[in-house]
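Treat the numbers as computed from the prediction; the structure is a model and nothing was measured. Both ligands and their constituent atoms are indexed starting at 1 by order of listing.
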Amino acid sequence: EKRNGNSANQIFWSIVSFLRRCLFLVICACPIPHHIAFIMDGNRRYAKKQKLMEGTGHRVGFVALMSMLKYCYELGVRYVTIYAFSIENFKRQPEEVQSLMDLMQEKIEGLIKEESIVNRYGVKVHFIGNLKLLSEPVRLAAERAMVATANNSRGVLSICIAYTSTDEIVHAVQESCEEKWNEISALNASGAGYGLDKFGGNEKDERENIVKLTDIERHMYMAVAPDPDILIRTSGETRLSNFLLWQSAYCCLYCPSVLWPEIGFRHFVWAILNFQCNRLYLERKKKQS
Ligand code: FPP
Ligand code: MG
């Protein structure tokens, strides 16, 4: 009876998977997003709502994340970015931070296993943020995962951890200034001086052009991916909470009221359809800017 039950279950899920792929084929008739970003909010509220132990909400949240990644990669979305832990989250109760870090370490180690979703779909993993703020075991696990998936080329998963957008921008500006400083020092040391003639001999122009927008963009942690087309934040909150502020000027925001562990296929499809309806308008706005 149990075996019959199992095979009935298998048949059911094969049919579900087949129907999902059929729907994706229809959705693919219009352009699909290159990049989707997620703010996975509402995990603790979910645990409370379901009367689960503290911390269980984030575990169930990880399962929801795996489903979302599967949908993204099945549909052919190449870039996915998730907000896993912000620098501000370090201000939570020490026990909660520790339990989240333990969960991260366990799940990051799981990501490099052969049967993991990233290997199944050939996805390269990047950890984005100020990794120096992480404890050594988590940082080492993150570095190992980046090395282990470096040759995967069908998709990119950016995991923002110890990240805030303002920290990313400050980091990129500092790196750009340092790069220019080194360039100028090298030119001065070689006796060439820093070519005023480049700017028609105008010193003011030279100063204003010393660090350019493209320099800053090149030094962003998120330079590994194009700007997101869709940003999904669950739990009904409509704030960006210091996530991808630089990159989200022209993306399609979708904020369903469900808590992150409750996010499902219908929310995913709705977000894609919403993007497809607004795509031309957003592209026009981007070109005008
Ligand atoms: C926000 O919910 C979510 C987090 C702080 C972390 C979410 C992390 C995971 C789901 C695991 C990810 C793991 C890897 C390896 C990528 P919240 O804690 O703010 O919940 P609340 O809004 O209900 O308070
Ligand atoms: Mg929250």
Considering only protein heavy atoms, which is closest to atom 23 (O) of ligand 1, and at what distance to one decimal place? R45 N, 2.8 Å

shortest atom 6 (C) of ligand 1-to-protein heavy-atom contact is with A84 O, 3.1 Å

Using heavy atoms and a threshold below 4.0 Å, how should the contact between L259 and ligand 1 be classified: side chain, backbone, both, or neither? neither

Atoms of ligand 1 close to G61 [distance to a heavy atom under 4.0 angstrom, numbered from 1]: 10 (C)

Applying a strict 4.0 Å limit to heavy atoms, is R92 in contact with ligand 1? yes

Could you name each residue pair satisfying side chain to side chain donor-acceptor pair (under 3.5 Å) that touches residues 253-266, not counting sequence neighbours? K49-E262

Should you measure from each heavy atom of K107, which atoms of ligand 1 turn up under 4.0 Å away? 15 (C)

What pairs of residues pass the salt bridge (charged side-chain N to carboxylate O under 4.0 Å, His left out) test when at least one of them lies in residues 5-32, not counting sequence neighbours? R20-E74, R21-E74

Just distances here: any N/O of E96 and N/O of ligand 1 closer than 3.5 Å? no

Shortest non-hydrogen contact from L244 toward A37: CD1-CB, 3.7 Å

When you compare ligand 1 with I108, is there at least one nitrogen or oxygen pair between them that comes in under 3.5 angstrom? no

In the protein, N/O/S atoms that are found under 2.8 Å from the Mg ion (ligand 2), waters not counted: D41 OD1

the protein heavy atom lying closest to atom 2 (O) of ligand 1 turns out to be N43 ND2, 3.0 Å

For ligand 1, find out whether one of its N or O atoms is nearer than 3.5 Å to an N or O atom of Y83. no

Please confirm whether F62 comes under 4.0 Å of ligand 1, counting heavy atoms of the residue only. yes

Honestly, for I82 the part within reach of ligand 1 (heavy atoms, under 4.0 Å) is side chain

Regarding atom 1 (C) of ligand 1: of the candidates M40, K48, E106, E109, which has the closest heavy atom? M40

Other hydrophobic cluster members with W181, side-chain heavy atoms of Ile/Leu/Val/Met/Phe/Trp/Tyr under 4.5 Å, chained? none

What atoms of ligand 1 come within less than 4.0 Å of a heavy atom belonging to N89? 5 (C)

Look only at interatomic distance and state if W260 has a nitrogen or oxygen under 3.5 Å from any nitrogen or oxygen of ligand 1. no

